[in-house]
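Only one structure is covered here, and it is reproduced in the block below.
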Amino acid sequence: TDAWTWRLPGALLGILSVYLIYKLALLLFKNETTGLLSALIFSIDGLTFVQSRIGMNDIYLVTFILVSVIFFVQKKCVLSALFMGAACATKWPGIFLALIYFPLLIYQHQFKNLIYFILIPPAIYLLSYSPYFLVGYKWSDFIELHNQIWQYQTNLKATHSYTSPWWSWPLNLYPVWYFVDYQKNSIANIFASGNPVVFWLGSFAVLLTVWEAIKRKSINLIIILLGFFAFWLPWAISPRIMFLYHFSPSVPFLALALGYQLNRGLEDKKGRRLVIALLALMILSFLLIYPFLVGLPLPKEIIKIFFATSLSKNPF
């Protein structure tokens, strides 16, 4: 099978997720500029860009999470729960959506809606195993399979050159080296790497948003913060080796926080100049790392300079 056939769905979902960021920002802030800024920031992030092109399922998880959150904000809890189930069926971290929904629903005394998120996602998860059961596997096989998955996730003792601790992900310290093609005078690489400027500014924007959410007691800002932290902090207790791409579901919420804060900066003339400068810096950063996101061949001298001035591990 040609590679494009199994990579195309992820690429299309990557494009769709940019629109979903715009849609979610509109729902939360009722401000088109915030939506456009958030979508632009998300579109020039390297991590989600690579994950949508490489054939891994992280972009499926991100897309289902965004659709679920959009329906949740629209108070369409049945549909939100359905896509939460799709997220869980894609990767187990989809269950972290419960860390967003459960506190909010309990706080708002919406216990009827809470039941949807308790019953529907497990049903969708089981339904995703229909092909598994249709080819002859039994319930006991299903239980044993999940026991093996759990044992793997909790007892894995493997090491890897590109593993990274959870706390380092917002700083983009350890990109993951996916591909290399050594040629006579050039080398082509693909790294799963965030846009450094987006990650650094976004992390600062998240801190600003924490302060503002506390001061204003804004549910919409709390949704963004819960989304960011719910998909990041649980990894702090994970016993297995981890990689930067595990941070992918938090990136949309980082982009939303940064888009929101940049839009606030547009309120005065001095702030507008700063916002334009920061956007230009983020775009420039994306252009500089672009060859390392798509595998463009570069002269070996440039590659050596890159690795001599970065924290990425040297492929030579």
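The figures here come from the full heavy-atom set of this structure, side chains too, leaving out hydrogens, waters and symmetry mates.
Of the possible donor and acceptor atoms, one in the side chain of D141 sits under 3.5 Å from a partner among the backbone N and O of K138. Remark: the backbone N or O of I190 is not paired with any side-chain donor or acceptor of W177 at under 3.5 angstrom. Side chain of N220 to backbone of L28: a donor-acceptor contact under 3.5 angstrom is found. When atom types are taken as modelled, the side chain of S168 and the backbone of P165 share a donor-acceptor pair closer than 3.5 angstrom. Side chain of W232 to backbone of W166: a donor-acceptor contact under 3.5 angstrom is found. S68 places a side-chain N or O within donor-acceptor distance of the main-chain N or O of S80, the cut-off being under 3.5 Å. Under the 3.5 Å distance criterion, the side-chain polar atoms of N172 are matched with a main-chain donor or acceptor of G194. Checking side-chain atoms of D45 against main-chain N and O of N195 turns up a donor-acceptor pair under 3.5 Å. Judged purely by atom type and a 3.5 angstrom limit, K30 uses its side chain to pair as donor or acceptor with the backbone of L27. With hydrogens and angles disregarded, no donor-acceptor distance shorter than 3.5 Å links the side chain of K23 to the backbone of S17.
Side-chain contact check for T90 and N57: no donor-acceptor pair (N or O, by modelled atom type) lies under 3.5 Å.
The environment of CD1 in I237 is sparse: at most 12 heavy-atom neighbours from other residues, nucleotides or ligands sit within 6.0 Å. Counting non-hydrogen atoms of neighbouring residues, nucleotides and ligands closer than 6.0 angstrom, the CZ atom of F204 reaches no more than 12 such neighbours. When the shell of 6.0 Å around OH of Y132 is examined, it contains more than 12 heavy atoms from other residues, nucleotides or ligands. Atom OH of Y137 has 12 or fewer neighbouring heavy atoms from other residues, nucleotides or ligands inside a 6.0 Å radius. The 12-atom threshold is exceeded at CZ of F111, counting heavy atoms of other residues, nucleotides or ligands nearer than 6.0 Å.
Residues passing the salt bridge (charged side-chain N to carboxylate O under 4.0 Å, His left out) test with R240: none are found, sequence neighbours excluded. Under the rule for a side chain to side chain donor-acceptor pair (under 3.5 Å), the partners of W92 that lie at least two apart in sequence or sit in another chain are Y125.
Using cut-offs of 30° and 60° for the angle between ring planes, the F49 and Y290 rings count as tilted. Between H246 and F243, the angle of the ring planes lies from 30° to 60°, which puts this pair in the tilted group. Aromatic ring orientation, F133 versus W139: parallel (interplanar angle below 30°, classes split at 30° and 60°).
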Chi angles and distances behind the side chain to side chain contact (heavy atoms under 4.5 Å, CB included) call for L26, E32: CA-CA 6 Å; L26 279 183; E32 188 168 4; 4.2 Å; yes

task: Take W235 and W169, measure what side chain to side chain contact (heavy atoms under 4.5 Å, CB included) needs, and give me the verdict at the end.
output: CA-CA 11 Å; W235 291 102; W169 298 340; 3.7 Å; yes

Run the side chain to side chain contact (heavy atoms under 4.5 Å, CB included) check on V176 and V50 step by step: do they pass?
-> CA-CA 11 Å; V176 186; V50 170; over 6 Å; no

- Task: Please step through side chain to side chain contact (heavy atoms under 4.5 Å, CB included) for the pair V67 and F71, ending with a clear verdict.
- Result: CA-CA 6 Å; V67 175; F71 281 132; 3.5 Å; yes

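Rounded to the nearest 0.5 angstrom, I124 CD1 and S128 OG are separated by 8.5 Å. Summarising the geometry, atom CD1 belonging to I54 is positioned 12.5 Å from atom CD1 belonging to I59; distances are rounded to the nearest 0.5 Å. One distance of note links CG of L221 with CH2 of W211; it measures 13.5 Å at 0.5 Å rounding. Between the CD1 atom in I222 and the CD1 atom in I100 there is a gap of 12.5 Å [rounded to 0.5 Å]. Note: Y101 OH to M84 CE = 7.5 Å, rounded to the nearest 0.5 Å. Going from atom CZ of F96 over to atom SG of C88 covers 10.0 Å, rounded to the nearest 0.5 Å.
Annotation: side chain of V62 is not in contact with side chain of V251 (no heavy-atom distance under 4.5 Å). Looking at heavy atoms from C-beta onward, L13 lies in side-chain contact with Y60 at the 4.5 angstrom threshold. With a 4.5 Å cut-off on side-chain heavy atoms, L256 and I21 count as touching. Inter-residue side-chain proximity for Q108 and N113 is flagged as unmet; no heavy-atom pair is nearer than 4.5 Å. No side-chain heavy atom of F286 sits under 4.5 Å from any side-chain heavy atom of M282. Between L79 and L82 there is a side-chain heavy-atom pair separated by less than 4.5 Å. Between P252 and F42, the closest side-chain pair of non-hydrogen atoms falls below 4.5 Å. Taking the side chain as every heavy atom from C-beta outward, L97 and F72 never approach each other to under 4.5 Å.
Each of I15 and I65 belongs to its own hydrophobic cluster when Ile, Leu, Val, Met, Phe, Trp and Tyr are linked at side-chain heavy-atom distances under 4.5 angstrom. Linking Ile, Leu, Val, Met, Phe, Trp and Tyr residues whenever their side-chain heavy atoms come within less than 4.5 Å leaves M242 and W150 in two separate clusters. Residues V206 and L233 share a hydrophobic cluster, clusters being chains of Ile/Leu/Val/Met/Phe/Trp/Tyr side chains in contact below 4.5 Å. Follow the hydrophobic side-chain contacts under 4.5 Å out from I289 and you reach V180 in the same cluster. Each of L47 and L284 belongs to its own hydrophobic cluster when Ile, Leu, Val, Met, Phe, Trp and Tyr are linked at side-chain heavy-atom distances under 4.5 angstrom.
The heavy-atom pair separating Q183 from K300 by the smallest distance is O-CE, 3.5 Å. Considering all non-hydrogen atoms of both residues, T209 and A257 come closest at OG1-CB, 3.8 Å. Contact between G227 and S250 at its shortest, heavy atoms only, is O-OG, 4.3 Å. Listed here is the closest heavy atom pair of L201 and L258: O-CD1, 3.9 Å. The two residues A213 and L225 make their nearest non-hydrogen contact at CB-CD1, 3.6 Å. Pairing each heavy atom of L99 with each of A230, the nearest pair is CB-CB, 3.8 Å.
Across F253, F229, F231, F199, a single residue satisfies ring-ring contact (aromatic ring centres under 6.0 Å, His included) together with F247, and that is F199.
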